[in-house]
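Below is one structure, written out as structure tokens; comments come after it.
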Amino acid sequence: MSDISLISGANHGKASARGVRIWDLPVRLFHWGLVAGVSTALVTGFLAEEWYLYIHNWAGYTIAFLISFRLIWGFFGSKYARFASFIFTPKETIGHIKEFARGNSAHYSGHNPAGALMVFALLAVLLLLTVSGVIILGGQENLGALAGFVSFEIGAFLVEIHELLAWSLMLLIIAHVAGMIIESRISGENLARAMVTGNKKDASNQPITMPVSTIVLRAVVIAAIVGGAGFALYQKYSAVPASGLVKLVPNETYNSECGDCHYAYHPSLLPRSSWQGIMANLENHFGEDASLDAETVKSLSAWLNENSSEIWDTEAANNLRKVSPKAPLSISETPYWQSRHSEINKNVFKQTNIGTKGNCIACHSDAKTGRFDDAAISIPPPKPNT
Amino acid sequence: MKKTLLVISTAVMVALAAPAFAGAKQDAVMDHYKKLAKGSFSAERGKAFYSAVHTGGKPATPSCTSCHTKSPTGTGQTRANKPIAPMALSKSPDRFGDLKKVEKWFGRNCRSVLGRECTVQEKGDFLAFMYSQ
């Protein structure tokens, strides 16, 4: 066995007991980088609290970068990295799968037809996932490169598709790993290890011929172009103001008159009818008297009327427009508020440094802007009573 | 001219009578109530009024101390958990300088605590207590 690999080594560069070079370094870095990125995205997407969204986003940007790189590397990489080396006819593919099911498989140095199909399926699903992800981020959260272009509604619609794609991805990954294990058994070649070392033991494989220096140079140039272009596009488009946020003229009267007893609630958190109800009942305001002179009431009512949730397209405004029929003046009684905070222990709200559900700003550091970003949520740790 | 003399002389008198925490604005507010009152104000009565548990108001707030803490020098807290700077003038020298603001809060807080407007006497006693603290 080692004799044969020595012979093939005589043909092409260094070969030894370690085997024959099949996967170039960029392909391997891509593969394992993708494993890390996709695992992170799946775990944060399905399991983690939504306030870890920014980790999910970074995983998504990493995946987008890797996929873009790989699409170009498929034309400029070494032999087995090129798409041309693993495009098979449908007949070949079906034949291979049939053979495979019977427990034997013709030998391929690079991707076999079933593996190739998997590569294209994974690339396609991941491409759709990252694109839909950026659209959702822009529409629902008013964040990222598309914040200025996508409405909440489109974002909300794509959430379903994004989820469906994520489930398909998981099925593909299971099939990919299963196929890899079976193929390894059949061929006696540990394919997972081959993707780490880059080498296949069986010396009948044709090694790649592109010099390492060429590979590294090309990969660095392509990575720089992809990264640079991605960064420039992100910079350019994320500079456009988020479409869901209205430019709010600061109202000092509101901030002081409605900010004495609690943080001055952002006007996008309730619909017009609720604000009017609040302004008409200040003598009996959530168990307290908060009355104001008629003139101030009138001017604040007008301002709230103009800036209520109806004119905002943020996640909070869209969801909080539906109030509770029993307590139509309350934000924290709305069905959405209740469902989003249902997992928080009741005692947390009684903590001395929180005190009440209405103290949004204790947990949402961006409450004054009305954004209520996931990344701005943090429940303060309980303080010992003083 | 006569008016300024009057203001200055009352200021001096008040300053002599009590620890000098009150500035000119605070004195002007006090004068407003003095003019409306029949008798004089007492910090002692103000203290009792401040600490008393009242009925007739909103159930969550039976006393001024519900929000302003037992000691007027302490930092209070609204029912929505926002801190309230101490009422004692020694701790918060900017308080009680704006009659409109003082009246707004007497109106709200008295209705919340007592279920009615405070009398001039109650207001004056309360202020006298806070000015002395």
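Hydrogens, waters and symmetry mates play no part in the numbers below; they use all other heavy atoms, side chains included. Each chain gets a letter, A, B and so on, in the order its sequence line appears, and its residues count up from 1.
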As an exercise: rank A:I361, A:D293, A:T356, A:N353 by heavy-atom pairs under 4.5 Å with chain B and give me the winner.
A:T356
With chain B, which of A:G259, A:G358, A:A290, A:A362 has the greatest number of heavy-atom pairs at distances under 4.5 Å?
A:A290
Less than 4.5 Å to any heavy atom of chain B: does that hold for the side chain of A:L282, its backbone, both, or neither?
neither
Does [X] have more than 12 heavy atoms from other residues, nucleotides or ligands lying within 6.0 Å of its [atom1]?
| X | atom1 | answer |
| --- | --- | --- |
| A:F46 | CZ | yes |
| A:Y336 | OH | yes |
| A:W58 | CH2 | no |
| A:F157 | CZ | no |
| A:E153 | CD | no |

Closest non-hydrogen atom pair, [X] against [Y]:
| X | Y | result |
| --- | --- | --- |
| B:R108 | A:L292 | NH2-CD2, 3.2 Å |
| B:A80 | A:C261 | CB-O, 3.3 Å |
| B:R79 | A:G287 | NH1-O, 3.6 Å |
| A:D289 | B:K58 | N-NZ, 4.3 Å |

Under a 4.5 Å heavy-atom criterion, the part of residues 43-52 of chain B in contact with chain A comprises none
CG/B:N81 to CD/A:Q351 distance, rounded to the nearest 0.5 angstrom?
10.5 Å
Would a 4.5 Å heavy-atom cut-off, applied to side chains only, mark A:E288 and B:N109 as touching?
no
Run through B:K104, B:K101, B:K82 and flag the one making a side-chain contact (heavy atoms from CB on, under 4.5 Å) with A:D260.
B:K104
